[in-house]
A.B. asks: 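Next up is a structure, given as structure tokens.
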Protein chains: 2
Amino acid sequence: MTARRTSFIAILLLAVITPCHAEDGYRLWLRFDKVGDEHIRVAYLRQASRATVDGDSPVLNTVAKELTAGLTGLLGQPVPLVAEAGVAPGLIAGVWGASALVARYVSQADVQGLQPEGFLITQKEGQLIITALDERGVLYGAFFLLRHMQLLEPVEGIHILQNPKVKLRVLNHWDNLDRTVERGYAGFSIWNWHELPEYLDVRYTDYARANASIGINGAVVTNVNANALVFRHDYLEKAAALAGVFRPYGIKLYLTARFSAPIELGGLDTADPLDPRVQQWWKKKAEEVYRLIPDFGGFLVKANSEGQPGPQDYGRSHADGANMLADALAPFGGIVMWRAFIYSHEAPGDRAKQAYDEFVPLDGQFRANVLIQAKNGPIDFQPREPIHPLFGAMKKAPLMMEFQITKEYLGQGTHLVGLASLYEEVLQADTYARGKGSIVAKVADGTLYGQALTGMAGVANIGTARNWTGNLFGQADWYAFGRLAWDPYLSADIIFREWAEMAFTHAPAALDAIVWMLSGSYETCVRYMTPLGLHHIMAAGHHYGPGPWVDNMSRADWNSTYYHRADEQGLGFNRSESGSGALLQYAPGFRQQYADMDKCPEQYLLWFHHVPWNHRMHSGRTLWEELCWQYHQGASEVTALREKWRSVKAYIDEERYEQVNMHLAIQEKEARWWRDACLAYFKEFSRMEIPPGLEKPKHSLEYYESLEFPYAPGIRPRW
Amino acid sequence: MTARRTSFIAILLLAVITPCHAEDGYRLWLRFDKVGDEHIRVAYLRQASRATVDGDSPVLNTVAKELTAGLTGLLGQPVPLVAEAGVAPGLIAGVWGASALVARYVSQADVQGLQPEGFLITQKEGQLIITALDERGVLYGAFFLLRHMQLLEPVEGIHILQNPKVKLRVLNHWDNLDRTVERGYAGFSIWNWHELPEYLDVRYTDYARANASIGINGAVVTNVNANALVFRHDYLEKAAALAGVFRPYGIKLYLTARFSAPIELGGLDTADPLDPRVQQWWKKKAEEVYRLIPDFGGFLVKANSEGQPGPQDYGRSHADGANMLADALAPFGGIVMWRAFIYSHEAPGDRAKQAYDEFVPLDGQFRANVLIQAKNGPIDFQPREPIHPLFGAMKKAPLMMEFQITKEYLGQGTHLVGLASLYEEVLQADTYARGKGSIVAKVADGTLYGQALTGMAGVANIGTARNWTGNLFGQADWYAFGRLAWDPYLSADIIFREWAEMAFTHAPAALDAIVWMLSGSYETCVRYMTPLGLHHIMAAGHHYGPGPWVDNMSRADWNSTYYHRADEQGLGFNRSESGSGALLQYAPGFRQQYADMDKCPEQYLLWFHHVPWNHRMHSGRTLWEELCWQYHQGASEVTALREKWRSVKAYIDEERYEQVNMHLAIQEKEARWWRDACLAYFKEFSRMEIPPGLEKPKHSLEYYESLEFPYAPGIRPRW
């Protein structure tokens, strides 16, 4: 162990001996406060009163730093780093195969099941060992152990071996170079490009720590609506500085690549992927990038989508474009994440079909280092969408799930919505691609078709807000994404409970209440926004608030009316065989669940069918009555959410209690707004009254249509 | 004392008993850490181990809260609030004339010199009394006492009476409703309009506390490039929520008024101030505002300047415009701050003359509740400008000094520049308006012409950055503005020392070093940017970095060449009688100092004269050589600044040490850039070599001219 590390640790210990943290949300779930239960604390102390990390490297030094800091906090006394393990019980961490110390305790048989980035935590001869095949695994093991102790789990006799099931676990930041964040509701971009590379905000390190603690190993730091400027040399130096902060935490830096960069930056007259000059430009650019960032991850690309440049501008295919970039990166081990989020109003038919129609024929044509990144559903992150038909349909190219963590369509910065429920629903959904049980999680982890390269992406909800996510419970969504990227089979409730216990309290009643709030909130949100399979009926542009009346956008598939198709007969989009046929893109096993209007699960009814207003629902109510009931039920559930939060006041620090309290007040107001505006609008078509017993909309439809929010966050202002 | 307050204080005390603050700059100068010197601490404890605040109101409750929290921190033990003062020594605070308790100790004679907002702190019969004629004065007294103790000053026998010398002590936030900050380098706007009025960020309270602690009593929360939307009813409700947070801290909320709001918001077809419908619109709007915000301060207006609408659009005068607004606000006690920052490229002649030419003839025509707000100099916040000729020239209308705290032209977010030096230089400058000694401070405090209504404004440098100002030492500038608004006669060195001691350390050597850094840095900056009276030679648009070559702007007076007038003969702008005659706008006593090129103080030489390149300077060098020497000296002084900061490393917490360290590295790089770019450019005109012994510019002039920063902060991006 180096002298540098020892002195560093010494300073760190002095800093944390008087544990000293205001509760403002900044610490996220990494609150290593002294364990309250004395028995448990003493048991931990017996086992982990000192730590030895065998090996000296940036990542192992991070292990040393994080272990000692976390343990010192939890155990309430300095936990020193010692060079020699000694005989008395202690903590030992090291890479199996590199550490002689670890090899003294851990055998080949013990590590049999380990894979890259996986870890083993085991107790041997009284020593608590954290080991792995690589340094990153040791880091994840260290964070696992800390979480284990935050959750007051026993370490006596511990033997845990875990491998991540997905290889690339990546955050996508839709951050622009001017520090605005597209669809960001947590302030602004944490990346201060102007002052990089010299000024390294501590936030960068705290960001890296938070992500490493949940196993995230990659970050795309620029918007998919990309800016070629990021490839200018000075910007690459800035990016390299960020990469330098990430590296000791096992996180690779990625950038979005604007397809037309050879023109904008290179001065070429084309970006045709088959043009040798273009290929050469990217090759040289990749060399330049890797000289500055040797472990650069690769590119995330949005091409020929919503106005972004791409290979189709030159009559080339997505595969041509992706492969050109992939070839430029391959010598350096880089990868390309090529987004399948494409739709063109020039293509006839249902927007929901277009990505499948464009990408499935290309299956098998992509290079080995290309992943196809697809949103969870075929439209665009709506509160509830059926799974994307691409999952299971592409057999050769690996599909990389893109979840949205920032709540663009689920209440933005002001609503509490436990997204782990959405993620779980998606990952557990059965594609039926290879018969029953072909769940999306098996696409994510590559086991459905035996793919080695796998990935999962989350569009980040992080910004300059002190509590990182603006809405405090947004932290739970970030946390959930990390946990599910590590293990797509986890249950949402387990994730909610982990987060709530680490973020707030061990008190069972309060913990139950908070988990209750989280686990019901997703369905609640769907109810007060887009029940029964409705989708894409938000206001235009900023997407803030309801806008089912929107019908004057420059493209038909940006209108709300395109999606809900309300008319005097009924409501909903017929995607069955008698309609757009989008349902036919799915495997037969999937298809048959939704084909029949009367048998279709009601949560997808209006996604797949145009349903008469007087259609009899399972509840016995008509469609219209059910719609009213769902909206009202959802809004009233927010009131219950508020009450539940008030009931745990005594267990929560004042500042964070108020953050949530104030936001819940806004959520209640907005849920009612959604309810009233949507029902006022749909009523024009159903020509039926709001059922007795339910409040009528507070204002007229004209009032709701007149509301304007020129400075709603997350998008460039209108005025 | 209310039960509510007692329980609140109890909670607060529990929170602060384990003093617990990371040093990240967030606490600003309000670091109430336990007094290290035990003798002093015990002496304080003897005098202030408990506090009684007599009276129950929002402001007095703030007094109670702030006193007990601050004292508890300083004394290292809970300092409770008690209802009864008792006989043992303690602290008593209350309004003289309202508090019977205070009246027991303090006599009419004691408060003889008190004025509104002023305070008396005195020791009587062992009790430490804080009193004032009004609640705000008690609040300022409380903060004064806390500062006194932070500075380890004795309280034994204390008898201090202070009155603010300026009535309106106001921050101006150039914050837009989309949260961008014009000329802001500390992140983004702290006002989260979208989530107001329900979501009240703790930052609003911490902002109010910081300002109250330095006597600031007003905040204009919107940009002078105003947006009429702020007068829409929902935005007024948002503003009212902010006002509600400010009120207990004695701070009034103001808004900028867009002159064309009656059109944009009111649907009128005119904004002519003489049109009765327009007058009626503003009258009704004022009523609406005051219904929501009963103590609303008033309007700040930028009109007929840089494209902003105004009375001149209708052939009316500034007085017509200001008076209309003043009349709308007068029934409610509101005031109008009407900016004199106007210049039109249609007006012939020197930009420096225009404000004087427009406003002096209007003197005497403004309503009593109107102040004329003028920047410190006649151009625009350049590193060094002579004072604005309006100071002293307007005898009836009160002149409100507008200082810039955000460093638009002094290094933006990355340079350490102690602005108290600039402010002091301005306030001590002699206008000679009523003979020698007619210093600007006497205009600010109204004593020059016996004005009752006085004010001082500072364009804020505050944003979402954790340390509030981005560049940590920017806090010193905010602090300095507050202190000088309270007392324009204070010396910069005293202000620097106060801030440095409260922000950092009592250790004399370190304190001296930090004060040394602050007090030299202003002159250093002038040297490496705009020595010898040069001005307005920055890059266009974002104003980031040098741009003496700028000569293609849409208006001549936006070109750098307009200001430096470099040619083969020499450099500088002839503002003497033989030139533009701007010098003639000043009083004779002022004028004669600068009229003669050979006698003109060299720091203003190129401001007032076009000087030959071979003009012999006081140093014996030619103008060209002096220019080179000044630029080189300035840049090397930044290197010395870096070394000085390194020398105090042991006394500073790591995080804040690094913040400054990293910024100083950038400052050194940028100072050299300014030096090299400017000399490479001016060399083209002097056609002389850089003197031997001084480094030549690192790059060619073409290189410097080619640099582009599309995302430099503080202005809308170019790309």
A.B. asks: Select, from B:Thr464, B:Thr414, B:Leu200, the one with the greatest count of heavy-atom pairs under 4.5 Å involving chain A.
C.D. replies: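 Highest number of pairs under 4.5 Å: B:Leu200.
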A.B. asks: Please classify the contact of A:Asp24 with chain B as side chain, backbone, both or neither, using a heavy-atom distance under 4.5 Å.
C.D. replies: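 Looking at A:Asp24, just its side chain touches chain B.
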A.B. asks: How close do A:Phe188 and B:Asp178 get, counting heavy atoms only, and between which atoms?
C.D. replies: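 So the minimum-distance heavy-atom pair works out to CZ-O, 3.8 Å.
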A.B. asks: Over all heavy atoms of both residues, which pair between B:Arg232 and A:Pro710 is shortest? Give the atoms and the distance, please.
C.D. replies: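 B:Arg232 and A:Pro710 have their closest heavy atoms at NH1-CD, 4.4 Å.
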A.B. asks: About how many Å separate CG of A:Asn176 and OH of B:Tyr711, when rounded to the nearest 0.5 Å?
C.D. replies: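 Reported value, rounded in 0.5 Å steps: 7.5 Å.
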A.B. asks: Is there side-chain contact between A:Arg466 and B:Arg203, with at least one heavy-atom pair below 4.5 Å?
C.D. replies: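 A side-chain contact is absent here, since even the closest heavy-atom pair is not under 4.5 Å.
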A.B. asks: Quick check: closest heavy atoms across A:Ile666 and B:Glu198, and the distance to 0.1 Å?
C.D. replies: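 Nearest pair, atom of A:Ile666 first, then B:Glu198: CG1-CB, 3.5 Å.
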A.B. asks: In terms of heavy-atom pairs under 4.5 Å with chain A, which of B:Arg179, B:Lys669, B:Gln659 leads?
C.D. replies: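 Top option by heavy-atom pairs under 4.5 Å: B:Gln659.
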A.B. asks: Examine whether an atom of A:Tyr26 lies under 4.5 Å from a heavy atom of chain B, and if so say whether it belongs to the side chain, the backbone or both; otherwise answer neither.
C.D. replies: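 Contact with chain B: none, neither part.
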A.B. asks: Could you pull out the closest heavy-atom pair between A:Tyr185 and B:Glu195, with the gap in Å?
C.D. replies: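 A:Tyr185 and B:Glu195 have their closest heavy atoms at O-OE2, 4.5 Å.
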A.B. asks: What pair of heavy atoms forms the shortest contact from A:His194 to B:Ala712, and how long is it?
C.D. replies: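 Smallest interatomic distance, heavy atoms only, reads ND1-CA, 3.8 Å.
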A.B. asks: Checking B:Glu655 against chain A: side chain, backbone, both or neither under 4.5 Å from a heavy atom?
C.D. replies: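 When you check distances to chain A, only side chain atoms of B:Glu655 fall under 4.5 Å.
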